[in-house]
Amino acid sequence: MNNKFFSNFSVLLLTIFSLHTSAEQTTREGSDYENALNDYKSGKVDSALINVKNALKARQDNLSARLLFAQLLLEKGELAASEDQYNRALALKADPAILLLPYANVLLLQSKYEELLSKVNVGNYPTNVNVGINNYRGSAYLQLLNTESAEEHFKLAYQLDNTSLNAIIGLASIANNKNDQDSFEHYLNLAKSIAPENSKVWFYQGEYFRSIKQVDNALVAYDKAIVLNDKNMEARRSRAVVNLDLANYDEAIKDIDTILTATPEDPFTLLVKAFYLKRINESKQADDILQSTSYLFSQIDLEKFDQFAPLLFVDGMTHYLLDNKREAKKSLTQYLKKSPSSIEAREILAEIAFSENTPQKTIKLLSTIAPKNYSLRSASLLMSAYVQDKNFKTSSALYQNLPEGLKEQGKLISLYAISLIALGEGESAIALIEEKALSQPNSTDIQLMLGYHYLQFQHYDKALNIAKNLINHKALNVAGLN
């Protein structure tokens, strides 16, 4: 749901509503309201505010003016004041069919999810209103990570209207959260068939490409989303994260700064900026941001903190980057209970467990992830845990089931070779590394790995040739050789 939709939707509803109430209005009051409505239609928000306030001074129970005032305040970003006007309209017995959707919108924008679920329910309303209510309730449940209830409401909205873009996008988001890539792709194709030029659809297209490790295609999709709507901050944040992963730091910081200019205390983007500063070796500035973010979290009401699960994730990440492992585990464990399919939370908790020399905990956290969904980080951690636990057969089997792209990563090749050697297949390990060295001749890490294993199996001449070759190409010095 977005304010542009309500800008158009509200004009229509307010015009209809005013037809039912105009007979009760005084001439002055009616004139002020009509001027306000005309100003609003023309985009003159400040002038509309003056006129609508005059209309309300003339008569406090003027529902048309009250609803227009609420919408104007919403568009000015005065969310609490807008909510207050909708509450007053409710007290004046305004028609719920007109009121409930914009009211739900202002509650959602303020993250008042429990209040929305309590106050906004389907009823004997027109179909389009019940579709909207189900979508808003689904969105609230989704933010609370009550995936089952969110999915139920989005499906109800979709059953009422199979062209409801918000319902389809909601179902796509749930599929993404569940790492169900087939369903994610299905709902995305539906969304694109309905709204091929919608910014939010292209954002989720980017998320889909990112989930299947096609980062170049993800960037193209994020670019398209931002061209269609340059205020799509979700797309900007995701584009920044991908650019950070690709070491495109100049591009990443542009998006980060754009978001923080609009919302300076957005904890999600502050966390991304801390990552950026760490990457460019500005650790002091990164730690300052993390400490500031941690302080912001300490001021949040505990009930709200628990209700809005993504805050738990950001808090856990913040403590992790500050090396406060105890607090990181606490928040991330709570988050994982609410979102058990979160690969990112599992990875961080597994990394902490591995650093604490508890490989079994690492295995328990990561072994539930499907091999196709592993990142280099999670695959490396799990294989390392298996090796540390001397479970070499499982480590070997895991490597064989990984996506082809991960099988080319030096860290994983090394762990697989270690597993093969431990299983008495040393020559197979050397043959594997020789094959990878041929396919990646410029990889110093793989060449070093091959040389090391040659030494282990007393192939001294071959090991010496690799060392000479690396030194001749200035890929290795004496210190590196040692």
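Residue numbers run from 1 in the order of the sequence given.
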Side-chain heavy-atom pair Gln71, Ser82 within 4.5 angstrom cut-off:
no
Would you call Thr394 and Ile363 a side-chain contact if the rule is heavy atoms closer than 4.5 Å?
no
Would Arg66 and Asp84 count as a salt bridge (Lys or Arg N to Asp or Glu O under 4.0 Å) here? Give the steps.
CA-CA 10 Å; Arg66 184 73 59 193; Asp84 177 62; over 6 Å; no
Taking the side chain as every heavy atom from C-beta outward, state whether Leu116 and Tyr103 have any pair of such atoms under 4.5 Å apart.
no
If you count heavy atoms of other groups shown closer than 6.0 angstrom to CD of Gln400, is the number above 12?
yes
So does Lys254 pair up with Asp250, basic N to acidic O under 4.0 Å?
no
Do Leu190 and Asn162 come close enough that some side-chain heavy atom pair is under 4.5 Å?
no
I'd like to know if the side chain of Ser149 reaches the main chain of Asn146, judged simply by a donor and an acceptor atom lying under 3.5 Å from each other, with no hydrogens or angles considered.
no
Work out which heavy atom in Thr269 is nearest to a heavy atom in Ile256; give both atom names and the distance.
CG2-O, 3.8 Å
Between Ser341 and Asn179, a side-chain donor and acceptor under 3.5 Å
no
If the test is salt bridge (charged side-chain N to carboxylate O under 4.0 Å, His left out), which one of Asp266, Asp255, Asp230 qualifies with Arg236?
Asp255
Roughly how far, to the nearest 0.5 Å, is CG of Leu100 from OH of Tyr136?
11.0 Å
Using the six-membered ring wherever Trp is involved, compare the ring planes of Tyr208 and Phe184 and label them parallel, tilted or perpendicular (cut-offs 30° and 60°).
perpendicular
Can you find a heavy atom in the side chain of Leu365 that is under 4.5 Å from one in the side chain of Leu336?
yes
Judged by modelled atom types alone, do Gln143 and Ser111 share a side-chain donor-acceptor pair under 3.5 Å?
no
Greater than 12 external heavy atoms within 6.0 Å of Lys224's NZ:
yes
Assess whether side-chain hydrogen bond (donor to acceptor under 3.5 Å, both in side chains) is satisfied between Asn135 and Asn166, documenting all intermediate values.
CA-CA 6 Å; Asn135 280 328; Asn166 288 309; 5.9 Å; no
Heavy atoms only: give me the nearest Leu382-Leu366 pair and the separation to one decimal.
N-CD1, 3.9 Å
Nearest 0.5 Å, what's the NZ-OG1 distance between Lys338 and Thr333?
13.0 Å
Between Lys76 and Asp46, is a side chain to side chain contact (heavy atoms under 4.5 Å, CB included) present by the stated rule, with each step listed?
CA-CA 9 Å; Lys76 293 282 284 184; Asp46 291 334; 2.9 Å; yes
Does the pair Lys155/Glu152 count as a salt bridge with the N-to-O cut at 4.0 Å?
no
Any side-chain heavy-atom pair from Asp287 and Leu321 closer than 4.5 angstrom?
no
Between atom NE2 of His319 and atom CG of Asn324, what is the distance when rounded to the nearest 0.5 Å?
6.0 Å
Can a donor-acceptor pair be found, under 3.5 Å and without considering hydrogens, that links the side chain of Asn51 to the backbone of Ser47?
yes
Looking at Glu234 and Lys200, is there a salt bridge between them, counting it only when a charged N and a carboxylate O are closer than 4.0 Å?
no
How far apart are the closest heavy atoms of Tyr335 and Ser342, and which atoms are they?
CE2-OG, 3.4 Å
Under a 3.5 Å distance rule, please check whether Thr261 uses its side chain to pair with a backbone N or O of Asp257 as donor and acceptor.
yes
Whether over 12 other heavy atoms sit under 6.0 Å from Lys213 NZ
yes
Test side chain to side chain contact (heavy atoms under 4.5 Å, CB included) on Val215 and Phe209; report intermediate values, then the result.
CA-CA 6 Å; Val215 292; Phe209 282 132; over 6 Å; no
For side chain to side chain contact (heavy atoms under 4.5 Å, CB included), just list the numbers for Met233 and Thr263, CA-CA rounded to whole Å, side-chain angles, deciding distance to a tenth of an Å, and then say yes or no.
CA-CA 10 Å; Met233 299 306 176; Thr263 51; 5.9 Å; no
Between atom CE of Met317 and atom CG of Leu332, what is the distance when rounded to the nearest 0.5 Å?
8.0 Å
Using a 3.5 Å distance criterion without hydrogens, assess whether the side chain of Asn248 forms a donor-acceptor pair with backbone atoms of Glu251.
no
Is Arg137 reaching over with its side chain to a backbone N or O of Asn121, donor-acceptor style, under 3.5 angstrom?
no
For the side chain of Ser42 and the backbone of Asn38, is there at least one donor-acceptor N/O pair under 3.5 Å apart?
yes
Closest heavy-atom pair and its distance - Ala167, Ala157
CB-CB, 3.8 Å
Residue Lys361 excluded, over 12 heavy atoms near NZ under 6.0 Å
no
Going through the distances and angles, do Ser419 and Ser396 end up as a side-chain hydrogen bond (donor to acceptor under 3.5 Å, both in side chains)?
CA-CA 6 Å; Ser419 300; Ser396 177; over 6 Å; no
Nearest 0.5 Å please: distance from the CH2 atom of Trp202 over to the CG atom of Leu188.
10.0 Å
Within the structure provided, determine whether Ile413 and Lys407 are in side-chain contact (heavy-atom separation under 4.5 Å).
no
With distance as the sole test, does Ser378 use its side chain to make a donor-acceptor pair with the main-chain N or O of Ser375 at under 3.5 Å?
yes
Working to the nearest 0.5 Å, report the span between CG of Asn35 and CD1 of Ile50.
11.5 Å
Ser414 vs Tyr416, side-chain hydrogen bond (donor to acceptor under 3.5 Å, both in side chains): CA-CA, chis, key distance, verdict:
CA-CA 5 Å; Ser414 176; Tyr416 182 42; over 6 Å; no
Could you tell me which residues satisfy ring pair (Phe, Tyr, Trp, His ring centres under 6.0 Å) with Tyr187, sequence neighbours excluded, listed by chain and number?
none
Residues 175-190 vs salt bridge (Lys or Arg N to Asp or Glu O under 4.0 Å), sequence neighbours excluded, gives Glu151-Lys178
Determine yes or no for a side-chain-to-main-chain donor-acceptor pair under 3.5 angstrom, with Thr318 supplying the side chain and Val314 the backbone.
yes
Within the side chain of Gln181, is there an N or O that forms a donor-acceptor pair under 3.5 Å with the backbone of Ser211?
yes
Nearest heavy-atom contact between Ser395 and Leu415 is OG-O, 4.3 Å
Could you tell me whether the side chain of Leu67 reaches within less than 4.5 Å of the side chain of Gln85, counting heavy atoms only?
no
Asn134 side chain vs Asn130 backbone, donor-acceptor pair below 3.5 Å
yes
I need the minimum non-hydrogen distance between Leu142 and Ser173, along with the two atoms involved.
CD2-OG, 3.7 Å
Worked verdict on Tyr276 versus Glu282 for side-chain hydrogen bond (donor to acceptor under 3.5 Å, both in side chains):
CA-CA 9 Å; Tyr276 161 77; Glu282 294 288 350; over 6 Å; no
By the salt bridge (Lys or Arg N to Asp or Glu O under 4.0 Å) test, which pairs, at least two apart or in different chains, include something from residues 324-333?
Lys329-Glu356
